[in-house]
Amino acid sequence: MLHEVARHLEAGEIVAVFPEGTTSDGLALLPFHGNLMQAAIHVDCPIQPVAIRFLDLQGLRSEAPLFIGETTFVESAWNILGAPGVIAELHWLEPIAAAPDKRRSELSDLARERIAQALSLPLSR
């Protein structure tokens with residue numbers, strides 16, 4: 001998989017990953033999996049952290065997109081489609097240089113810290 005991602009990055013394409021590797025209730029930021037950063041290191045491609053928050057029409061945290069526990073994809077989709085409105089708020093943060101001399105754990109920790117700060121979320125263990 002890393003070779004395939006690296007190939008796309010070398011071709012100038014954009015590749016999106018969700019480094020938590022799972023879903024959560026969004027009340028804290030789970031640890032990031034650094035192995036997902038390796039392709040960017042290999043091709044010396046910057047990492048663009050993006051913080052995502054889901055809001056309702058009043059600007060409050062929306063639980064409609066929650067996809068946790070025993071929730072199925074269909075149930076999650078139904079919750080989103082049945083909500084009066086869900087706003088995806090995106091925060092494009094400062095890119096992180098992913099040079100070959102960087103460790104992937106260092107890059108993933110930095111991206112995680114920036115995203116947590118942008119969303120005012122604690123870091124869970």
Can you tell me how far apart [atom1] ([X]) and [atom2] ([Y]) are? Round to the nearest 0.5 Å.
X: Arg112; Y: Leu123; atom1: CZ; atom2: CG; value: 4.0 Å
X: Gln38; Y: Ser108; atom1: CD; atom2: OG; value: 11.0 Å
X: Ile14; Y: Gln48; atom1: CD1; atom2: CD; value: 9.5 Å

Next on the checklist: side chain to side chain contact (heavy atoms under 4.5 Å, CB included), that's the test. Do Glu63 and Leu66 meet it? Break it down for me.
Outcome noted: CA-CA 5 Å; Glu63 293 191 355; Leu66 291 182; 3.8 Å; yes

Next on the checklist: If I compare all heavy atoms of Ser62 with all of Pro65, which pair ends up nearest, and what's the gap?
Outcome noted: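 Heavy atoms only, the tightest pair is OG-CD, 3.5 Å.
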
Item to check | Nearest atoms (heavy-atom pairs only) where Pro49 meets Ile96 | outcome: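 Between these two residues, the closest heavy atoms are CG-CD1, 3.8 Å.
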
Report, one line per pair, each donor and acceptor closer than 3.5 Å where one atom sits in a side chain of residues 97-107; sequence neighbours left out.
none

Item to check | Under 4.5 Å side-chain linkage, directly or through intermediates, the cluster mates of Leu9 | outcome: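 Cluster partners of Leu9: Met1, Val5, Val15, Val17, Leu36, Val43.
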
Checklist entry - Apart from Phe67 itself, what residues make up its hydrophobic cluster when side-chain heavy atoms of I, L, V, M, F, W and Y under 4.5 Å apart count as a link, directly or indirectly? => result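 Its cluster partners, ordered by chain and number, are Phe73.
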
Checklist entry - Going only through I, L, V, M, F, W and Y residues with side-chain contacts under 4.5 Å, is there a path from Leu119 to Ile52? => result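 Each belongs to a different hydrophobic cluster.
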
Checklist entry - Are Phe54 and Ile68 connected in the hydrophobic side-chain network, where two residues link if heavy atoms are under 4.5 Å apart? => result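 Different clusters.
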
Item to check | Set of residues satisfying side chain to side chain contact (heavy atoms under 4.5 Å, CB included) with respect to Glu70, sequence neighbours excluded | outcome: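 Glu70 satisfies side chain to side chain contact (heavy atoms under 4.5 Å, CB included) with no other residue.
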
Validation: residues 76-94 side-chain donor-acceptor distances under 3.5 Å, sequence neighbours left out:
| residue | atom | partner | partner atom | Å |
| --- | --- | --- | --- | --- |
| Asn79 | ND2 | Glu75 | O | 3.3 |
| Glu89 | OE2 | Arg53 | NE | 2.9 |
| Glu89 | OE2 | His91 | NE2 | 2.8 |

For a quick test of your reading: what N or O donor-acceptor pairs under 3.5 Å do the side chains of residues 25-35 make, sequence neighbours left out?
| residue | atom | partner | partner atom | Å |
| --- | --- | --- | --- | --- |
| Asp25 | OD1 | Leu27 | N | 2.9 |
| His33 | NE2 | Glu20 | O | 3.3 |

Next on the checklist: Any carboxylate oxygen within less than 4.0 angstrom of a Lys/Arg side-chain nitrogen, looking at Glu10 and Arg7?
Outcome noted: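 Not counted as a salt bridge, because no side-chain N and carboxylate O are separated by less than 4.0 Å.
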
